[in-house]
Engineer: 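The structure under discussion is supplied below as structure tokens; questions concerning it will follow.
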Amino acid sequence: MNKCFILTLCILLFSGCAKTSSESPQIQKIQINRTFEDITLGMSEDEFKSKLVWFRMPSPPRLTTVYSVYDIYYNIYLTTKDKPKMREIDNIYAVYCEFLENKLLGFSINYRIDYQPAWNNFIYNAEQKYGKGEPLSSGNGICWDDGKTFFSISIESDQQLISYGKHFIVTYNDAELVSRKVQMEKEKSPAF
């Protein structure tokens, strides 16, 4: 599940949307929204945990920590009398949040596989607000970059509950924290 989030982050880093504002000047100055529901890019992990019911995604040791919120799977299979249910949002399967050094680096909103509006209808509001985006290098989506925030909309295919299917993923990433993560990964990589 969090592999889509990581994949989207990698796609942004290697696509045209990951350039700094000095490398790709915007024709019109846009400011990408950095908030979804109770989540805001850059918020602290403690603030996040105090506002939401969350589930830490199992993963091997790495630089970041990934949590799931607004998650249907969690509500069906993981809640108990000691673990409250998460708030669910129409048409959303789950939201995955990635933290680096106690700051929210990014989050991805994964829509349910049974929510299938036409692509143009799905991206209409983003294009009205931010203008025409750039295609992702993977060819499966579109992205915007205001120099502070990377924003993408893509179509992915992975498992939700018991079946695989194509669904929309909307991803927001903090540019400064992404740069910090890339630098940290370079520092940890072996020298050959």
Side-chain angles (χ1 to χ4, degrees), residues 1-21 32-75 77-78 83 86-87 89 92-111 136-138 140-141 143-160 167-192:
M1 287 181 223
N2 64 11
K3 69 181 177 181
C4 287
F5 181 76
I6 294 166
L7 176 65
T8 302
L9 181 60
C10 290
I11 290 168
L12 284 171
L13 290 172
F14 297 108
S15 71
C17 283
K19 296 177 184 172
T20 64
S21 57
I32 297 171
N33 179 28
R34 296 174 56 85
T35 300
F36 175 76
E37 297 291 325
D38 296 324
I39 303 166
T40 302
L41 289 176
M43 74 189 304
S44 74
E45 213 166 335
D46 293 336
E47 180 184 4
F48 169 83
K49 288 178 176 179
S50 72
K51 287 184 172 184
L52 297 151
V53 176
W54 51 271
F55 172 70
R56 184 172 177 176
M57 301 299 294
S59 66
R62 53 194 238 203
L63 294 173
T64 61
T65 305
V66 178
Y67 297 95
S68 177
V69 294
Y70 309 117
D71 191 323
I72 293 170
Y73 179 89
Y74 174 91
N75 282 346
Y77 297 108
L78 302 176
K83 292 182 183 177
M86 292 180 179
R87 184 168 68 91
I89 302 171
I92 304 285
Y93 174 73
V95 176
Y96 302 106
C97 301
E98 184 175 14
F99 283 84
L100 174 72
E101 298 178 327
N102 193 36
K103 297 284 184 198
L104 182 57
L105 174 141
F107 57 90
S108 65
I109 304 161
N110 291 251
Y111 285 79
L136 291 172
S137 60
S138 63
N140 68 339
C143 62
W144 294 262
D145 177 5
D146 68 2
K148 186 175 179 181
T149 307
F150 303 132
F151 170 63
S152 70
I153 300 173
S154 61
I155 298 176
E156 301 289 339
S157 184
D158 62 14
Q159 186 174 3
Q160 291 186 351
H167 57 279
F168 296 106
I169 298 178
V170 175
T171 304
Y172 295 81
N173 287 293
D174 182 280
E176 185 177 323
L177 290 171
V178 168
S179 293
R180 173 78 178 124
K181 180 182 176 187
V182 169
Q183 182 61 37
M184 291 171 70
E185 288 171 341
K186 285 178 184 176
E187 290 169 3
K188 286 186 75 172
S189 65
F192 293 104

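Small disclaimer: the values here were computed from a predicted structure and weren't measured.
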Engineer: Step by step, work out the side chain to side chain contact (heavy atoms under 4.5 Å, CB included) result for Thr40 and Leu104.
Structural biologist: CA-CA 7 Å; Thr40 302; Leu104 182 57; 5.9 Å; no
Engineer: Rounded at 0.5 Å granularity, tell me how far CD1 in Ile92 sits from OH in Tyr70.
Structural biologist: 10.0 Å
Engineer: Give the minimum heavy-atom separation between Ala175 and Gly147, together with the two atoms involved.
Structural biologist: CB-O, 3.7 Å
Engineer: How far apart are the closest heavy atoms of Phe99 and Asn102, and which atoms are they?
Structural biologist: CD2-C, 4.2 Å
Engineer: Enter the distance from Ile153:CD1 to Trp144:CH2 here, rounded to the nearest 0.5 Å.
Structural biologist: 4.0 Å
Engineer: Which pair of heavy atoms, one from Thr35 and one from Phe107, lies closest together, and at what distance?
Structural biologist: C-CZ, 4.3 Å
Engineer: Find out whether Met57 and Tyr96 are in side-chain contact, i.e. whether some heavy atom of one side chain is under 4.5 Å from a heavy atom of the other.
Structural biologist: yes
Engineer: Could you tell me if Thr171 and Asn173 have a donor-acceptor pair between their side chains, going purely by distance under 3.5 Å?
Structural biologist: no
Engineer: Ignoring hydrogens and geometry, is there a side-chain-to-backbone donor-acceptor pair from Arg34 to Lys148 under 3.5 Å?
Structural biologist: yes
Engineer: Strictly by salt bridge (Lys or Arg N to Asp or Glu O under 4.0 Å), give each pair with a member in residues 37-48 just once, sequence neighbours left out.
Structural biologist: Glu37-Arg87, Glu47-Lys51
Engineer: Only one of Glu185, Glu187, Lys181, Lys186 passes side-chain hydrogen bond (donor to acceptor under 3.5 Å, both in side chains) with Gln183; say which it is.
Structural biologist: Glu187
Engineer: For Tyr111 and Phe168, take the angle between the two ring planes, folded into 0 to 90°, and tell me which bin it lands in: parallel under 30, tilted 30 to 60, perpendicular over 60.
Structural biologist: perpendicular
Engineer: So, using side chain to side chain donor-acceptor pair (under 3.5 Å) as the criterion, who are the partners of Glu176 when residues are at least two apart?
Structural biologist: none
Engineer: Evaluate side chain to side chain contact (heavy atoms under 4.5 Å, CB included) for Ser154 paired with Leu136, printing each intermediate quantity in order.
Structural biologist: CA-CA 8 Å; Ser154 61; Leu136 291 172; 4.0 Å; yes
Engineer: Are the side chains of Tyr74 and Val53 in touch, meaning some heavy atoms are under 4.5 Å apart?
Structural biologist: yes
Engineer: Find out whether Arg62 and Glu98 are in side-chain contact, i.e. whether some heavy atom of one side chain is under 4.5 Å from a heavy atom of the other.
Structural biologist: yes
Engineer: Check whether more than 12 heavy atoms from other residues, nucleotides or ligands sit under 6.0 Å from atom NZ of Lys49, and answer yes or no.
Structural biologist: yes
Engineer: Do you know the tightest heavy-atom contact between Leu100 and Met184?
Structural biologist: CD1-SD, 3.9 Å
Engineer: Please determine whether side chain to side chain contact (heavy atoms under 4.5 Å, CB included) holds for the pair Tyr172 and Ile109, giving the CA-CA distance in whole Å, both sets of side-chain angles, and the decisive distance to 0.1 Å.
Structural biologist: CA-CA 9 Å; Tyr172 295 81; Ile109 304 161; 4.0 Å; yes
Engineer: Any sub-3.5 Å donor-acceptor pair from Asn140's side-chain atoms to Ile155's backbone N or O?
Structural biologist: yes
Engineer: Between Tyr67 and Phe48, how do the two ring planes meet: parallel, tilted or perpendicular, split at 30° and 60°?
Structural biologist: tilted
Engineer: Is there side-chain contact between Leu41 and Leu177, with at least one heavy-atom pair below 4.5 Å?
Structural biologist: no
